Amino acid sequence: MSNLDSLDTIVSLAKARGFIFQSSEIYGGLSAVYDYGPLGVELKRNIQNIWWKDMTQRHENIVGVDAAVFMHPKVWEASGHIEGFNDPMIDDKQSKKRYRADMLIEDCILNLAKDGKKEKAAEIQELLNTSGTRKNLAKDLYDIIIENEIKAPDSGAFDWTEVRQFNLMFKTAFGATSSEDDGVYLRPETAQGIFVNYKNILDTSRVSVPFGIAQTGKAFRNEVVARQFVFRMREFEQMEMQYFVEPGTDSNAYALWKKKRLSWHKSIGIREENLRFSDHPKDKLAHYALAAVDVQYKFPIGWQEVEGIHNRSDFDLTQHQKLSGKKLDYFDQKNNKRYVPYVIETSIGLDRCILMVLCDAYREEEVNGEKRTVLKMHPELAPIQVGVFPLVKKSGLQEVARKIEAELIEHYSVRYDETGSIGKRYRRLDEAGTPFCITVDFDTIETDNKVTIRYRDDMSQERIPLNKIAYAIKEGIKDWKPS
RNA sequence: GCGGGCGUAACUCAAUUGGUAGAGUGUCAGCCUUCCAAGCUGAAUGUUGCCGGUUCGAACCCGGUCGCCCGCUCCA
């Protein structure tokens, strides 16, 4: 992390420079939803394009897919999201603590059993097992807690709120005349779009195990607590790759992708000391995972997950096989074997990645007693890669600068600027993260045919011939290292 | 979702605390300017988040609501 101690500075800069705005701001904003402005959308696309190239085009055995946000409701039954995303919660009004209602009851049953009250325990267990069959799940659980006077474990109080269901999936009406029953969910993860297309791709794309399917796209989660700028949003974008391997080789593949993904983060210019792995302890793994590790970044708000690498085993394909009734196994012709592949997942939050890039690039420096704010991001990511200026607003210089702009624009994202002083223009683009500026002066047109190239990171300048501009930028991008 | 804090221009903030809003930065225009936020002149932008109440009068007090921050909780 740089000299940031909270996200506030980044939030302000992101707004002031047009990276990220809060959604529907003129109406007071919509909680935990954000929009990308002119610079933000460029940055986002750059990251996405680099990821796509690195994860698909650079691997002959990884192909892409772009599945719809809407999916058959059965998908979420199979994936376990209907069950797992639906926790009945209850609050102790005294201590303000929240508990899972079913867990409270289970604890109570355990305690009763321990005290030798086996009959009572069995009775409550039966009520718990059949909960959801009387009124509804929430009400049934609430009734059990009230009737058996289950007290809050921490405060000992018996002062509960209602049991509430926290369904973290968004539901929407599907079809113009739809009723409650044919609602569909907005996908809470993009992964399932890959699993349900696994067979299509296997049948049509001449891939063989081990192979991967990659996808980027929006996912939606109705987070109980959605906070911290774009770190945890209700609508966010994932970049995922599911790698299908032969069972037994999954541990190796997991280790391989773990390594590959960390080096990807370094390759987009994130400083190594701000990255680390965080393994999920075995007892905290998700319902589908055999192993899981987070790639974490040292945000101003602490070490937080940017990407997850999971061994999803054959959970998803087996589940879809079961619920769809379609065979989803793989026949290995060479070894004459049939199996359901294991899946190694790499799943990165694009919005988190953008936040990471902004945080890691952000610097405040002192230059001649003045503060200089600069985003030292990788030149490939920069929303504006090259600034082109006439030194002063004079004809002669302007025409040459416009010509340079026209040439560079075919290969780079370029911004022409002739307003204000030259220093102001440099600093303005420093805040946008622009790595190179080209300035045309009177020597250019009168004597040497050279321009000044000014580098963002150390503010150094060089005189280079007009016909070497493209080359200098190319080299500058190639040689770039985070500083 | 609960508790606490906060919400004034695009950004950062001020307003003698009830007497109807200002500064710096930024933006735009003009002049000037031969390399690091220079200078000069001028301009635009606010129903003080929103709605209601109290009051002769509300940015300020009260209620509601929306949003943000911190903590709790949750985290597939």
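Any value given below was found using the heavy atoms of this structure, including those in side chains, with hydrogens, waters and symmetry copies removed. Throughout, protein chains are lettered first and strands after them, A, B, ... in sequence-line order, and every chain is numbered starting at 1. All values derive from a computational prediction rather than experimental measurement.
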Can you give me every donor-acceptor pair (side chain of residues 465-477 of chain A, partner residue at least two apart or in another chain, under 3.5 Å) with its distance?
none

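Using atom C1' as the reference point in both B:rU20 and B:rG26, the two lie 28 Å apart (nearest Å). Taking atom C1' in both B:rC6 and B:rU48, one finds a spacing of 14 Å when rounded to whole Å. Look at the C1' atom in both B:rG63 and B:rC56: the space between them is 22 Å, to the nearest Å. Separating the C1' atom of B:rC72 from that of B:rA9 is a span of 36 Å, rounded to the nearest Å. Remark: the separation of the C1' atoms in B:rA21 and B:rA58 is 13 Å, to the nearest Å.
Legend: residues meeting salt bridge (Lys or Arg N to Asp or Glu O under 4.0 Å) with A:D448, ordered by chain and number and at least two apart, are A:R463. The salt bridge (Lys or Arg N to Asp or Glu O under 4.0 Å) test applied to A:K218 returns A:E235, not counting sequence neighbours.
For A:Q461, counting side-chain heavy atoms from C-beta on, the closest listed nucleotide (B:rC36, B:rC70, B:rC68) is B:rC36. Distance from the side chain of A:Q228 is smallest to B:rC70 among B:rC35, B:rC68, B:rC70.
A salt bridge links A:R454 and A:D430; the closest N-O separation between the charged side-chain nitrogens and carboxylate oxygens is under 4.0 Å. With salt bridges taken as basic N to acidic carboxylate O contacts below 4.0 Å, one links A:K44 and A:E237. Salt bridge present: A:K258 and A:D279 bring a charged side-chain N and a carboxylate O closer than 4.0 Å.
Taking a pair as Watson-Crick or G-U with both hydrogen-bonding distances under 3.5 Å, the stems of three or more pairs touching RNA chain B are B:1-7 with B:66-72, B:10-13 with B:22-25, B:27-31 with B:39-43, B:49-53 with B:61-65.
Within the cation-pi definition used here (under 6.0 Å to the ring centroid, within 45° of the axis), A:R352 does not qualify as a partner of A:Y297.
One donor-acceptor pair, N or O on each side, does fall under 3.5 Å between the base of B:rC36 and the side chain of A:R427. In the interface, the side chain of A:E25 is not paired with the base of B:rA10 through any donor and acceptor atom under 3.5 Å apart. A donor-acceptor contact under 3.5 Å links the side chain of A:Y426 to the base of B:rC35.
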Tabulated below should be each protein N or O lying under 3.5 Å from an N or O of nucleotides 22-31 of chain B; please produce it.
| residue | atom | partner | partner atom | Å |
| --- | --- | --- | --- | --- |
| B:rU27 | OP1 | A:R428 | NH1 | 2.3 |

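Mapped onto RNA chain B by nearest heavy atom, A:D441 and A:S12 fall at different nucleotides, with A:S12 at the one closer to the 5' end. Take the nearest nucleotide of RNA chain B for A:L30 and for A:K15: the residue whose nucleotide is more 5' is A:K15.
Between the CZ atom of A:R234 and the C1' atom of B:rC68 there is a distance of 13 Å, given to the nearest Å.
Here A:S31 reaches the OP1 or OP2 of B:rC68: one of its side-chain N or O atoms lies under 4.0 Å away.
Only at 4.0 angstrom or more do the heavy atoms of residues 346-356 of chain A sit from any atom of RNA chain B, so none qualifies.
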